[in-house]
Amino acid sequence: MKLIPLSTSLAVLSALGLSACANTPRDAYTQSAATVRAAEAVGAAEHPRASYHLELAKEQLAVAEPLVDGSNADRKAAAKVLARAEADAELALALAESAELEEEARDVWAGINELQKDRD
Amino acid sequence: MTKTIIFTTLTCVALGCATTSPSQHLVDARANYAKARNGAAYEYEPDLVHDASVALDKADEAYIRSPGSEKERHLAYIADRKALLAIAAAEGQVARDDLEEAEHARTKVLQAQRDEARSRLANASDHLEDTRDDLGDTREELAEEREARLAIESQLQAAMASLSEIASIKAEQKDIVITLSGEVLFKTDEATLLPLARTKLDKVAEVLREQQTEKTFIVEGHTDARGTDSYNEDLSRQRALAVRDYLVGQGVESERIRAVGRGESEPIASNKTPEGRANNRRVEIVVHDDPDRTASRK
């Protein structure tokens, strides 16, 4: 899988109107859910560290969901939970991308070793 | 008075800080921020490190203002994740650089392999070309050799034809046998060449000199059956030697020609009639193709 840099991923999510500084808890929820999907798309569930933060993000999304359209107090609580969900989702995305790149690099180096063995 | 109250308040706050430990989130956030600030993240992801710094300041401020509060824990949680994000993003950049380096190295290895393969192919083509050239040369050499052999054979046939007027010529497998009548070469019971014999042997010498170097010659003396075996054998050897010596004197190489006396052992006609005996008295010159066979020929 060809990965794009994390800053680009986050910039794309931001350009889609999913800013980290979302105006309402609903916006924040949509933003965090998008980041969770992005993390899943790059295989966060396959890498232990990324998977841990992905699960935290999803749990926090589940906690926030019933609160985002509730009372002021609920929405205030939801905003905090969603801020943490977003932080974990972004971290899961970065960890997954990093792990994928490391694996890809390892594969290429292994391939080079094989090629050099063939030459010898 | 007012200053004293403010100082007392601040001191209490400070003392409160000192007595309430920071949350585990804040401890983690500080440690991970230090790691980000002092590691590759500072070089690769300075903006994310800055974000983590701002978040950590907010968490520290919350700790100072209300240590152990939910706000402190919340802001520390965010700060911790941002510090970890800076570290993870930097690890991603390091991995991306490593991947680029690996892909560059792979391209070089593949290019080297292609170059080697091309070089081997070029060498093989050159070798093939050389082999074709060599084959062409060999064919030319063979053709030249065949032409030369044909020319020599033709020359030999011409020479033999000139001899046929004075001698009998016949081919025996790979050998050619030139037979000269004893009557023409020697007087009865003598081994001295007659003057006429010398003229005939001059022609024979001329033919032998023209033979290829790998050919050798045996001069064989033969008698009829009159007289004893030992006498005939001795006479035939003396006559063969006389012919050999004369031919050597006419330029035939001495190491290529030898003399053998066969006596009466190999008649070619009946010894009961004068005509048959005349035929048996003879000198044969055997021209060999293979020098190794000379000794074993009977």
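All chains are named by letter (A, B, ...) in the order of the sequence lines, taking the proteins before the strands, and each is independently numbered beginning at 1. Since we're looking at a predicted model, the values are computed, not measured.
The CG atom of A/Asn113 sits 12.5 Å away from the CZ atom of B/Arg106 when rounded to the nearest 0.5 Å. Distance CZ/B/Arg96 to CD/A/Glu100: 11.5 Å, rounded to 0.5 Å. Here the CZ-CG distance, from B/Arg81 to A/Leu56, works out to 6.0 Å after rounding to the nearest 0.5 Å. Once rounded to the nearest 0.5 Å, the distance linking NZ of A/Lys80 with CG of B/Leu75 reads 7.5 Å. Rounding to the nearest 0.5 Å places CG of B/Leu84 at 7.5 Å from CG of A/Leu95. To the nearest 0.5 Å, the span separating CD on B/Gln113 from CD on A/Gln116 amounts to 8.5 Å.
What you find for B/Ala105 and A/Ile112 is that their closest heavy atoms are CB-CD1, 3.7 Å. A pairwise comparison of heavy atoms in B/Asp98 and A/Ala105 identifies OD2-CB, 3.5 Å as the closest pair.
More than 12 heavy atoms of other shown residues, nucleotides or ligands fall within 6.0 angstrom of atom CZ in A/Arg26. Annotation for B/Arg146: atom CZ does not count as buried by contact number, only 12 or fewer foreign heavy atoms lying within 6.0 Å.
The shortest distance between side-chain heavy atoms of B/Leu99 and A/Trp109 does not fall below 4.5 Å.
Options B/Ala95, B/Ala102, B/Gly92 differ in how many heavy-atom pairs under 4.5 Å they form with chain A, and the most are formed by B/Ala102.
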List the steps, then state whether side-chain contact (heavy atoms from CB on, under 4.5 Å) holds for A/Glu104 with B/Glu103.
-> CA-CA 10 Å; A/Glu104 206 176 329; B/Glu103 284 173 343; 4.3 Å; yes
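Under the ring-ring contact (aromatic ring centres under 6.0 Å, His included) criterion, B/His74 pairs with no residue, sequence neighbours left out.
Heavy atoms closer than 4.5 Å to chain B are found nowhere in A/Arg106, neither backbone nor side chain. Neither the backbone nor the side chain of B/Glu100 comes within less than 4.5 Å of any heavy atom in chain A.
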